[in-house]
Structures are given as C-alpha cells and as structure tokens.
Amino acid sequence: MGGQYDFVIVGGGSAGCALANRLSADPANQVLLLEAGRPDYPWDVFIHMPAALTYPIGSRLYDWKYESEPEPFMNGRKIYHARGKVLGGSSSINGMIFQRGNPLDYERWAADPDMRTWDYAHCLPYFKKMETCLAGGGKWRGHEGPLVLERGPATSPLFRAFFEAVQQAGYQLTDDVNGYRQEGFAPFDRNVHRGRRLSAARAYLHPVMGRPNLTVRTRAFVTGVMFSGNRAIGVEYQQAGQARRALGSEVILSGGAINTPQLLQLSGVGPADHLTSLGLSVVADLPGVGQNLQDHLEVYIQYGCKLPVSVQPALKMRNRPRIGASWLFFRKGPGSTNHFEGGGFARSNEDVAYPNLMFHFLPIAIRYDGSVPAGGHGYQVHIGPMYSDARGSVRIKSADPRVHPALRFNYLSTDQDRREWVEAIHVARHILNQKAFDPYNSGELSPGTSVRSDEQILEWVAKDAETALHPSCTCRMGAASAPGSVVDPASMRVHGLDGLRVVDASAMPYITNGNIYAPVMMMAEKAADLILGNTPLSPEPLEFYRHHQQSGTDRGGAATAVRDK
C-alpha cells in the first residue's frame, strides 16, 4: 500500500499542478500528485527554451504520441495528437499562447441546466486570481497570481504589416484579446517569463514542492481507480516496475480529455455495453464518458517573403550555437520567444454573434514538426474555425491501460464545419493579400494559387489540416438529468459516485474560442474552492464587447443559437 491521503490527484498537467498547489495550501490536507511522465528537469532546454517548442512534439521522451482512428471525412487520415509526457503535462510542450476565450463562451456554458455559476461573471475572478498580467489591463486582468504573462512584442516588419493588413481588410485592432474585447487583432499574452517557458509546473508546483503535506511522484502510471461500492477509495499505479496503491478520501482525475475518460472506462465507469464487451465490471453506467469530444483543427496558409525579414535565419545550423548561448546566458534573442507573438479573432460571416475564427501569425513558414517549405524567407497564418459542431469520442479498445484508446474526432463531418472552413480560408487570404504585404509577398506557398474553389479548399483541408491540440469535453459538466452529462458543475464530482471528481479539459461542456490552456487553469482554480468548500469568489459582472449589442446574453447574441447549431 502507498499510504493514505486526503486528495489523490491523477495527472500532473495544467489542472493537476494548480490543484496540488491550492489543495495543499492547508497543511492539514495530505495531497498526493501522480504524474505518468518524467520530471521537467531544470536543465532540459527543449522544455524551457520557448523557441525549442518543435522538438518535444513527436519525441517519445516528451510526448504520448496519440493518433486518431482514420478520420472518415479526411480521406481516412490518422491525425497525430501530441500530449505532454512530463511534469506540467501539455503546458510543458505547448505553444505558450494564453487566451481566455470569448466571454460569450461562458454565457453559453451557463445557459445549460445547473450551469448558472459558470457564466463569465463567475469565471472572471478565477482568471484574475491565477495571473499576473505584466501588460496591465486594469480591472479585467489579474496582477498577483502565480502565472506571469508577458505580451508578445510583435514589432518585426512582418508583424507590423500583418496588423496594417487586417485593418485594410476591414477588421479592427483591440487592446487585449483577454480583456473587454476579444474580437480584433493584437499582440498575444504568452506564458513566457524572462525568456523562459512558464509551465503550470513552474508556476504552481515547483514553488510549493517543499510543503511536507505535498507528495509528487513522477513516472507513476495510474492503471485504475479503486472502489468500495460506489465510493472511490484510491488508485492503483505502476512505478519502477512495481504495482502500487494509494488510498485517498478523494480521487481527482486531471489527466485531460483523452486520459481521464480512458481511466474512467478502465475503472468500470462509462457506457456499460462497451465496458462489458471488453470483460470489465461496471461500477457506473455513464454513457457520456468519452463522448462529446471536441477540438480545433487548423491549417497553415504560407507565403514566401521577398525581403530577408523573417525568422528563417534562426533555423540555420550555423546560427544555432549563437542563439542558444544568447538564450542560455542572457535569456534573450530568437530563443527567448515562442514567435506566436500576435494574431486575432474575427467573424467569418454576419450570422455569428462572436468570432468563430482564430488567427496566429508567424513570421516564418514552418510546420509544428520543424519542417519548412523550400524557398527560404516566408510567413504564415494558422487559421481554423473555433466552435465546430462536429463531435467525436474516446473509447478504450482494451482492458490493458497501456493501449491507447480509439480517438475519433469526425472533423469536417457537418455542414457548418465545412462552410466555416471555406469562409476561413477566404478571410485569411483576403488579409494576406492586402497592400501592406506588397513589399514582402512573393506568392502563396501553401495551399497555392491552384486551390481556389470551395471544393478544392475542402479537399486541401482534408489532406493538410492538423489538430491545434485542444481536445476537450469528453466528461462534460452538466445536470445529472442532462443526456451525456458526467460531472456535477457544483462539486466536480462524477454523477452517481462518491469520492471521485474530474477537473481538466474533459469537463468543459463546449470548447472555448481560442487555446484552451487558460480556461483549464481557470477551471482548476474554481474547482479548488468547490472541493475545499471555500466561499467562492464573488462574481464580477463587468461589461464586455458584444457585436450584437441588442441581443442580451442569449445568442441572437450568444448562448442559445450556438448551442442549437
């Protein structure tokens, strides 16, 4: 046996690190955090150097290397999904872009039964609690939290051209995509501080590792939740080749939208017919476990650059020692940035109440795996729809916990999804062909000028698109009576079970508009108060920008129409 704890947290990723900090703040609470990956060693340059983000993705040392089942609407392609295999989880290998989502995302959440306290007014104080925003932001932003946010400079000639081009194309700039107005274009907040990645582990966990009531174990692979009747009493895990157990008054699953439903199903919690078909005993028949899978798909629209002003020279082997030394000794230079320093949010048509497209501008033409097109200098926009109505699933294929589950996202499977993809490409091209880019634009590299018609665009997306790495919503919060609901929004407990909670991206009911790291951290902060029985932070009903001012909070404006699409 591995001891008795008040809280056993499964998963040392974004949510798990925040929970470990907050739950262990009371010295009376004995907290155990189990992470299947390895430590985030302080000397590991591939984790801590922001510009090295292409190296961990695809490496077995850092990445669990998931891939989907053949996607039926993407020519049967298996879409690669990177997930962090290290303390800090995916926050230790992601693109370091910090986006809260649109306030109307949370109005949409709150429109569902029993979800009233997840509207933006109730979530805002927890966003503020977790952050120290160095760019200011006034009453919208936090200034005393553990997660220090630096705003991207976005001052290179290509960024200046991009921000000028979006205005020429009819879009506006905004002061802060995480403040009053998300819609528009601006430099981005990033979890980069003093030239170094600030993962959830560095921000939340390492500062409190010395607490005597907090135990952190890495390379601890959890294989199942133990139950006594309908109460979770602990977990079984493997470490250093040995089977171990840890008993806990509360078990909290924070493995993310893939691992959490997988572990629940392996433990007998999920759709009963599927579990029994694999020879598993059913603890709770919850058909929603593993359903409602959502994600953001994206493509890179790439252009060649006539002038030598891109970041391309930083890729040359002869320059890497100098760049590495500048970062190592001074935390400066091309190694100290994630290069995703700016972008924005726009609506692809007038029927949507808030932005359904996200843009990340990058002053180089490159893919996440580090490959580059021929031709030297270039730039690109990452673009994709934000709230697709496609829904997928996570289902275990075996009772063996080391067998990856079957992931099916059903990208491009709906009329809305396909329509918004076509609109997205047209909007991106419209921006990238404005006069501001004339001094730089040497022609479109990808997809290329031969891809023009709606059919050709969809064919290219099906062939070339990649995940933006935002899997979510597979154990959705909602009323116990709501079809597909798994988690009680007032306590984060799994419906029908005692002593078992879920706090991670899987508990989202709908994916948010933007990168999901910030919403996950907000959920963990809010969940910590719910778990501890603390008085919740008072809601802050600040006004926020609405394109359809007359619409109120229900989507002729926001929640209703998005939900019903």
Side-chain angles (χ1 to χ4, degrees), residues 1-36 89 117 126 200 204-205 208 211-217 220-237 244-256 259-270 283-284 286 289 475-477 480 485-507 520-521 523-536:
M1 301 295 287
Q4 175 75 45
Y5 300 88
D6 296 289
F7 300 104
V8 175
I9 303 169
V10 180
S14 301
C17 289
L19 287 171
N21 179 307
R22 300 307 190 193
L23 299 182
S24 65
D26 182 346
N29 291 330
Q30 292 294 320
V31 179
L32 172 66
L33 176 65
L34 298 173
E35 165 55 40
T117 59
Y126 289 101
Y204 277 87
L205 195 59
V208 301
R211 289 175 179 170
N213 62 324
L214 173 61
T215 303
V216 178
R217 293 179 183 157
F221 186 85
V222 176
T223 57
V225 179
M226 299 184 296
F227 289 94
S228 176
N230 68 348
R231 169 171 283 280
I233 58 171
V235 299
E236 298 174 316
Y237 66 101
R244 302 174 185 268
R245 289 183 171 184
L247 300 180
S249 301
E250 296 271 359
V251 175
I252 305 170
L253 304 187
S254 297
N259 293 117
T260 287
Q262 178 190 22
L263 185 58
L264 283 171
Q265 292 174 29
L266 288 168
S267 306
V269 180
V283 174
L286 278 176
V289 173
C475 296
R476 63 177 299 168
M477 289 189 288
S485 172
V486 176
V487 174
D488 172 29
S491 65
M492 311 307 290
R493 287 192 176 94
V494 176
H495 289 310
L497 298 172
D498 293 325
L500 182 62
R501 311 195 200 222
V502 170
V503 182
D504 57 28
S506 70
V520 169
M521 300 298 284
M523 292 173 67
E525 287 278 17
K526 185 171 165 63
D529 275 349
L530 298 176
I531 292 167
L532 292 170
N534 294 339
T535 300

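Keep in mind the model is a prediction, meaning the values are calculated, not measured.
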- Item | Flag side-chain contact, heavy atom, 4.5 Å: Phe7 against Leu33 | no

- Can Gln265 and Val289 be said to form a side chain to side chain contact (heavy atoms under 4.5 Å, CB included), step by step? CA-CA 7 Å; Gln265 292 174 29; Val289 173; 3.9 Å; yes

- Message: Set out, in order, the CA-CA distance, both residues' side-chain angles and the distance that settles side chain to side chain contact (heavy atoms under 4.5 Å, CB included) for Asn21 and Arg211, then state yes or no.
- Response: CA-CA 10 Å; Asn21 179 307; Arg211 289 175 179 170; 4.1 Å; yes

- Query: Can you check whether Ile252 reaches Arg493 side chain to side chain, under 4.5 Å on heavy atoms?
  - Reply: no

- Task: Hey, could you give me the CZ/CG distance between Arg501 and Leu497, rounded to the nearest 0.5 Å?
- Result: 12.5 Å

- Between Asn213 (side chain) and Asp26 (backbone), is there a donor-acceptor pair under 3.5 Å? yes

- Is any side-chain heavy atom of Leu286 less than 4.5 Å from a side-chain heavy atom of Val494? yes

Could you go through residues 523-534 and list every donor-acceptor pair under 3.5 Å that involves a side-chain atom there, pairing it with any protein atom two or more places apart or in another chain?
from	atom 1	to	atom 2	distance (Å)
Glu525	OE1	Arg22	NE	2.9
Glu525	OE2	Arg22	NE	3.3
Glu525	OE2	Arg22	NH2	2.8
Glu525	OE2	Tyr204	OH	2.6
Lys526	NZ	Thr117	O	3.1
Asp529	OD1	Asn534	ND2	3.0
Asp529	OD2	Tyr126	OH	2.7

- Query: Should Leu34 and Val8 count as side-chain neighbours, where that means a heavy-atom distance under 4.5 Å?
  - Reply: yes

- Item | Test log, rule side chain to side chain contact (heavy atoms under 4.5 Å, CB included), inputs Asp6 and Val31 | CA-CA 6 Å; Asp6 296 289; Val31 179; 5.9 Å; no

N/O donor to acceptor pairs below 3.5 angstrom from side-chain atoms of residues 229-236, sequence neighbours left out:
from	atom 1	to	atom 2	distance (Å)
Glu236	OE2	Arg245	NE	3.4
Glu236	OE2	Arg245	NH2	3.2

- Query: Do Ser267 and Leu264 come within less than 4.5 Å of each other through their side chains, counting heavy atoms only?
  - Reply: no

- Side chain of Glu35, backbone of Gly12: donor and acceptor closer than 3.5 Å? yes

- Query: Run the side chain to side chain contact (heavy atoms under 4.5 Å, CB included) check on Met477 and Ser485 step by step: do they pass?
  - Reply: CA-CA 6 Å; Met477 289 189 288; Ser485 172; over 6 Å; no

- Message: Show, in sequence, the C-alpha distance, side-chain angles and deciding distance for Asn29 and Ser24, and conclude whether the side chain to side chain donor-acceptor pair (under 3.5 Å) test is met.
- Response: CA-CA 6 Å; Asn29 291 330; Ser24 65; over 6 Å; no

- Message: Distance check, rounded to the nearest 0.5 Å: Leu32 atom CG versus Leu23 atom CG?
- Response: 12.0 Å

- Distance, nearest 0.5 Å, that separates CG of Leu263 from OG of Ser254: 11.0 Å

